[in-house]
Structure formats: C-alpha cells, structure tokens
Amino acid sequence: MKRHFYLVAGWLSLGLGAIGAVVPLLPTVPFVILAAFCFARSSPRLEAWLLLHATFGPHIVAWRDHGAISRRGKVAASIAFAASIALALAFAPWPWAMVPVIVAVVTGSWIWTRPER
C-alpha cells in the first residue's frame, strides 16, 4: 500500500511540475525533485529515468548531493517571481496584489541562500 501511495504521489508531483513549467509562481524543479523522492520509494525504474533525464537529472542530483540550486535556476525563479508580481500589481485588487510580493520575497530569499553547483 505504501509503495502505491508513493507511486501516485510521484506522478502527481510530476504532473504539478509540468503545469509549473507554464504557470507563474508554481515551481517546476521542486516538484520534479519530490517526484524523484517518491519514485525512489516506489519505482526504481522511474527514479532512474528522472535521474538520467537531460533536463531534470542534473538538478535532482545537485539537490540530493549538495542541497544546491543552479545559478540559472535561481535567475529563472527570480524572473518568474518578477512577472507574477507585475501581473498581480496590474490586475489584482489591494491587498491581494501583495500576496505574490510576500511569496517572492520569502521564497526568493530562501532560493538565493542555497549553494550553487
């Protein structure tokens, strides 16, 4: 039963990561890292597929080995945060326009304090 839970959670995380590739403020790589964590406990074949993936594999390995986020990933996250803030300030009513600002400051601060590899 536990194996099935991790398998379903892995696929859900992978799906959220795919959605996050196009939706601002929804990250991609953290969900893919979570999928790798779940697949490690449910399907070694799917875990190996993610670890060997040309796009996501290096990020997962860097996170597992060093807790590291690439400079390119940090910059991409910052650009996505800036776009989300701009959209919120342009279209969201006050005080809701401040939600992306607060999320970006808190999350962005954490991202930029991670080591780089």
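Remember, it's a predicted structure, so these values are computed and weren't measured experimentally.
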What are the two closest heavy atoms between A92 and A97, and how far apart are they? O-CB, 3.8 Å

Using the side-chain hydrogen bond (donor to acceptor under 3.5 Å, both in side chains) rule, collect all pairs that involve residues 34-63, keeping only residues at least two apart or in two chains. E47-R64

Interatomic distance, OG1@T107 vs CD1@I102, rounded to 0.5 Å, equals 11.0 Å

State yes or no: do F37 and L7 share one hydrophobic cluster built from I, L, V, M, F, W and Y residues joined by side-chain heavy-atom distances below 4.5 Å, directly or via other members? no

Short question: side chain of S84, backbone of P100 - any donor-acceptor pair under 3.5 Å? no

Do L34 and F39 touch side chain to side chain, with heavy atoms closer than 4.5 Å? no

Considering only heavy atoms from C-beta outward, does the side chain of M1 approach that of F5 to under 4.5 Å? no

Decide whether W110 and F81 are clustered together by the hydrophobic rule: side chain heavy atoms of Ile, Leu, Val, Met, Phe, Trp, Tyr closer than 4.5 Å, transitively. yes

Hey, what do you get for CZ (R114) to OG (S109), rounding to the nearest 0.5 Å? 11.0 Å

Rounded to the nearest 0.5 Å, how far does CD1 of I69 lie from CD1 of I111? 5.5 Å

Answer whether the closest heavy-atom distance between the side chains of K74 and E116 falls below 4.5 Å. yes

Shared ILVMFWY cluster between Y6 and W11, side chains joined below 4.5 angstrom? no

Atom CH2 of residue position W96 - does it have more than 12 heavy atoms of other residues, nucleotides or ligands inside 6.0 Å? no

Hphob cluster co-occupancy, V101 + W94, side-chain heavy atoms under 4.5 angstrom: yes

Using a 3.5 Å distance criterion without hydrogens, assess whether the side chain of T28 forms a donor-acceptor pair with backbone atoms of G17. yes

Euclidean distance, S13 OG relative to I33 CD1, rounded to 0.5 Å: 11.0 Å

Say whether V22 and F31 are linked into one hydrophobic cluster, either directly or through other cluster members, by side-chain heavy-atom distances under 4.5 angstrom. yes

List for me each residue that meets ring pair (Phe, Tyr, Trp, His ring centres under 6.0 Å) alongside W112, sequence neighbours excluded, and say none if there are none. none

